[in-house]
Number of protein chains: 2
Amino acid sequence: MQQSIRLTVDAVVFGYEAGSISVLLIKRKYEPFKGEWAIPGGFVLNDESLEEAVERELKEETGIKINYLEQLYTFGKPKRDPRNRVVSVAYFGLIKPSAFKIFASTDAEEVQWFKIDELPKLSFDHEEILNMAITRLQSKITYEPVGFELLDTKFPFSDLEKLYTTLLGRAIDRRNFRKKILGLNILDQLDEKVSKGSGRPANLFKFNKKKYFKLKDEGILFDI
Amino acid sequence: MQQSIRLTVDAVVFGYEAGSISVLLIKRKYEPFKGEWAIPGGFVLNDESLEEAVERELKEETGIKINYLEQLYTFGKPKRDPRNRVVSVAYFGLIKPSAFKIFASTDAEEVQWFKIDELPKLSFDHEEILNMAITRLQSKITYEPVGFELLDTKFPFSDLEKLYTTLLGRAIDRRNFRKKILGLNILDQLDEKVSKGSGRPANLFKFNKKKYFKLKDEGILFDI
DNA sequence: GCAAAAGTGTTACAATTACACCCATGT
DNA sequence: ACATGGGTGTAATTGTAACACTTTTGC
């Protein structure tokens, strides 16, 4: 019997705003699961790579262009799509929500950011995919400096600290955290301050990728 | 245009014997790359899961039944197979070579263990897959006790030590290593000794999965 | 009795944790 | 002057790394 498996890519895209981690979801315009929420994604075309497919689908369905993207896992249980055999290569992306205006089109009737503790019911096995992505994000930020992908280019140190507190789900010691991160010397301190209305204005910092890669080449690892 | 992508699974299977890490390869019986060496694998059937597909292909082509198996990565560049568009979900497996007699059949003309520093030229993008698997194995043994999957059920401590020395590619301090592993209390010391011809006979140990999972549940991590 | 591998403790050093007060600004 | 968040150092504890001799067996 001729193989008749169809291949899709799906992307779990995380954003961070106002102290919460959110995921970008679409409301499906077509069957199956018409009208229900799902992770954005779609079929891979014959002549495009998997990464090209994810980027294209994200652009089409939600309007965003992703900066940080990595493969998460491939889901292939025979019955995960009720109609046909569909295998999905799931990706994991990080963006700064403030940098994009999301809008629905093609297969999406609506696009929306959902806080990860206020998720709607999801189509297919997308809840499983999302849970795996959350776990991956939580462990990833401890050994690679991916947190910066979620923050503005210039950020006060407290934003980074809050991001880690939120993602790890526990308090962290401010002094020790600051000592550790600044001690790595992968942040540039800017001659710029920002005030949040009340309290002492905070210095702005910028993640320095060059310095980070140099450290990495020397075998010094990021580790929180 | 109708999607015409075919899906395969491939498995990088590692074994450890006589102080060397080896990989199981097959010599291809059919085109493309007929007569060349490749990672075992093949097309996923319509009604089987990806894991079932890998296990079936391994059994068919090499005769082995795998114990430890995890998904590695999905490779999907448009031209990775010169004839058709083929996307491959690669897996990563560990076995004790002594436990199986390998034999070629179906798509394989020959099966053979190759030491990872004496590899032949490989078909498709299998060299890339294999390199990723080696990297994964090296990092994996530092944070999960997968090394035991490569050793006999009962083993002298020095075997474990040699395995780590080999995999990490550097000397490790015998005393500190022993202290650390035994300190975790995930090994059972048996009332049995084994002699390697010369020198003092060694005590045999056994990995205790229950104890390990209990520790893991308590949040205590394996970490070398 | 000697060659060969197994087994074992202590000390120095590095990293991590715990912890509390002053500073700069807006109102 | 007070409320709010930003910024900072030190000491105790813990974990890691370095290091060499004794024991048990086979020949």
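We name chains A, B, ... by the order of the sequence lines, and we start the count at 1 in each one.
Across residues 152-168 of chain A, A:Ser158 each have a non-hydrogen atom less than 4.0 Å from an atom of DNA chain D (numbered order).
B:Thr153 OG1 to B:Phe207 CZ: the interatomic distance, rounded to the nearest 0.5 Å, is 12.0 Å.
Following rounding to the nearest Å, B:Asp173 (CG) and C:dT10 (C1') show an atom-to-atom distance of 13 Å. Put simply, CZ on B:Arg200 is 14 Å from P on D:dT22, counting in whole angstrom units. Rounded to whole Å, the distance from NZ on B:Lys196 to C1' on C:dA3 is 17 Å. The CG atom of B:Leu182 sits 14 Å away from the P atom of C:dA6 (whole-angstrom rounding).
Partners of B:Glu60 under the side-chain hydrogen bond (donor to acceptor under 3.5 Å, both in side chains) rule, at least two apart in sequence or in another chain, are B:Arg56. For B:Lys77, the salt bridge (charged side-chain N to carboxylate O under 4.0 Å, His left out) test picks out B:Glu128, with sequence neighbours left out. The side-chain contact (heavy atoms from CB on, under 4.5 Å) search around A:Lys180 returns none, not counting sequence neighbours. In this structure A:Tyr91 satisfies the ring pair (Phe, Tyr, Trp, His ring centres under 6.0 Å) test with no other residue, sequence neighbours excluded. Annotation: side-chain hydrogen bond (donor to acceptor under 3.5 Å, both in side chains) contacts of B:Ser195 (sequence neighbours excluded): none. With sequence neighbours excluded, the residues that form a salt bridge (charged side-chain N to carboxylate O under 4.0 Å, His left out) with A:Glu149 are A:Lys209.
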Sub-3.5 Å pairs of nitrogen or oxygen atoms, protein against nucleotides 10-13 of chain D:
{"residue": "D:dT10", "atom": "O4", "partner": "A:Lys179", "partner atom": "NZ", "Å": "2.9"}

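For residues 165-178 of chain B, every residue pair satisfying the salt bridge (charged side-chain N to carboxylate O under 4.0 Å, His left out) rule, not counting sequence neighbours, is listed here: B:Glu161-B:Arg174. Residues in residues 9-27 of chain B take part in these side-chain hydrogen bond (donor to acceptor under 3.5 Å, both in side chains) pairs, two or more places apart or across chains: B:Asp10-B:Ser88, B:Lys27-B:Glu110.
Minimum heavy-atom separation, A:Gly93 to A:Leu69: CA-CD1, 4.2 Å.
Judged by atom type and distance alone, A:Arg175 reaches the base of C:dA20 through a side-chain donor-acceptor pair under 3.5 Å.
Across D:dT8, C:dC19, D:dG26, the shortest atom-to-atom separation from the side chain of B:Ser195 is found for D:dG26.
Looking at which nucleotide of DNA chain C each of A:Lys180 and A:Ser198 is closest to, the 5′-most match is held by A:Lys180.
Secondary-structure annotation of DNA chain D gives the stems C:1-21 with D:7-27, C:23-27 with D:1-5, with a stem taken as at least 3 successive Watson-Crick or G-U pairs whose two distances both fall under 3.5 Å.
B:Asn203 comes within 4.0 angstrom of sugar-phosphate atoms only, judged by non-hydrogen atoms across all strands, and of no base.
Not one side-chain nitrogen or oxygen of A:Arg174 sits closer than 4.0 Å to the OP1 or OP2 atom of D:dG6.
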Extract all donor-acceptor atom pairs below 3.5 Å that involve side chains of residues 214-224 of chain B and protein atoms in other chains or at least two apart in sequence.
none

